[in-house]
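All of these numbers come straight from a predicted model, not from anything done at the bench.
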Amino acid sequence: MSESNNITWHDSEVTKEERQNRNGHKSAVIWFTRLSGSGKSTVSVALEKALFNEGKQTYRLDGDNVRHGLNKNLGFSPEDRSENIRRIGEVAKLMVDAGALTVTAFISPYKEDREG
């Protein structure tokens with residue numbers, strides 16, 4: 001993958017703190033990770049609903065759902081699994097900047113990816 005040298009980060013005129021103030025809560029990522037079939041999605045769905053019912057700005061990122069779109073070009077090799085988690089981390093950072101409580105459910109098998 002080649003990287004472009006012609007890109008510039010464009011700051012928003014609305015800050016994360018302003019979004020958090022409007023939402024009435026801080027933003028964060030709550031990241032569930034376990035093996036396939038362990039209940040990550042079930043727990044994340046219930047948590048998102050509970051937070052939403054409390055009036056929180058929420059969004060849930062689920063491993064299977066993300067692979068239907070953003071990461072549909074990735075397989076399950078170690079490199080693709082790492083890229084999958086890297087992309088999700090980038091999306092989660094954007095959601096935090098947007099002021100949301102973001103709940104994630106992903107198999108995150110590699111320690112170095114979880115720490116990134």
A.B. asks: Suppose clustering is done on Ile, Leu, Val, Met, Phe, Trp and Tyr with side-chain heavy atoms closer than 4.5 Å. Which residues sit in the same group as Phe32?
C.D. replies: Ile30, Val43, Leu47, Leu51, Leu101, Val103

A.B. asks: Please round to the nearest 0.5 Å and tell me the distance separating atom CE of Met95 and atom CD of Gln57.
C.D. replies: 7.5 Å

A.B. asks: Specify the closest pair of heavy atoms between Ser27 and Gly99, including all atoms of both residues, with the distance to one decimal.
C.D. replies: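 Nearest heavy atoms, Ser27 then Gly99: CB-C, 3.4 Å.
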
A.B. asks: On a heavy-atom basis, which atom in Thr8 and which in His10 lie closest, and how many Å separate them?
C.D. replies: O-CD2, 3.1 Å

A.B. asks: Going from CG on Asn21 to NZ on Lys16, what distance comes out if it is rounded to the nearest 0.5 angstrom?
C.D. replies: 12.0 Å

A.B. asks: Look only at the side chain of Asn23 and the backbone of His25, and say whether a donor-acceptor pair between them is shorter than 3.5 Å.
C.D. replies: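 A pair under 3.5 Å: no.
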
A.B. asks: Are side-chain heavy atoms of Val91 and Thr104 found at a separation under 4.5 Å?
C.D. replies: no

A.B. asks: What I want to find out is whether Lys93 reaches Glu90 closely enough, with some N-O distance under 4.0 Å, to be called a salt bridge.
C.D. replies: yes

A.B. asks: Between Ile107 and Leu35, which heavy-atom pair has the shortest distance, and what is it?
C.D. replies: CG1-C, 4.3 Å

A.B. asks: In this structure, would Leu74 and Ile88 fall into the same cluster of hydrophobic residues linked by side-chain contacts under 4.5 Å?
C.D. replies: no

A.B. asks: Between Asp97 and Arg19, does any side-chain N to carboxylate O distance fall below 4.0 Å?
C.D. replies: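 Salt bridge between Asp97 and Arg19, a charged N being under 4.0 Å from a carboxylate O: yes.
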
A.B. asks: Examine Leu61 and Leu70 and state if one hydrophobic cluster contains both, with Ile, Leu, Val, Met, Phe, Trp and Tyr joined whenever side-chain heavy atoms are less than 4.5 Å apart.
C.D. replies: yes

A.B. asks: Taking all non-hydrogen atoms of both residues, which atom of Thr58 and which atom of Glu48 are closest, and how far apart?
C.D. replies: OG1-CG, 3.6 Å

A.B. asks: CG/Asp80 to CG/Asn73 distance, rounded to the nearest 0.5 angstrom?
C.D. replies: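 Answer for the CG-CG pair, Asp80 versus Asn73, is 7.5 Å.
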
A.B. asks: Would a 4.5 Å heavy-atom cut-off, applied to side chains only, mark Phe76 and Arg67 as touching?
C.D. replies: yes

A.B. asks: Within this structure, what is the CZ-OG distance for the pair Arg34 and Ser41, rounded to the nearest 0.5 Å?
C.D. replies: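 Arg34 CZ to Ser41 OG: 13.5 Å, rounded to 0.5 Å.
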
A.B. asks: Is Arg87 paired with Glu83 through a side-chain N to carboxylate O contact shorter than 4.0 Å?
C.D. replies: yes

A.B. asks: Looking at Lys26 and Gln20, would you say the former's side chain and the latter's main chain have a donor-acceptor pair under 3.5 Å?
C.D. replies: no

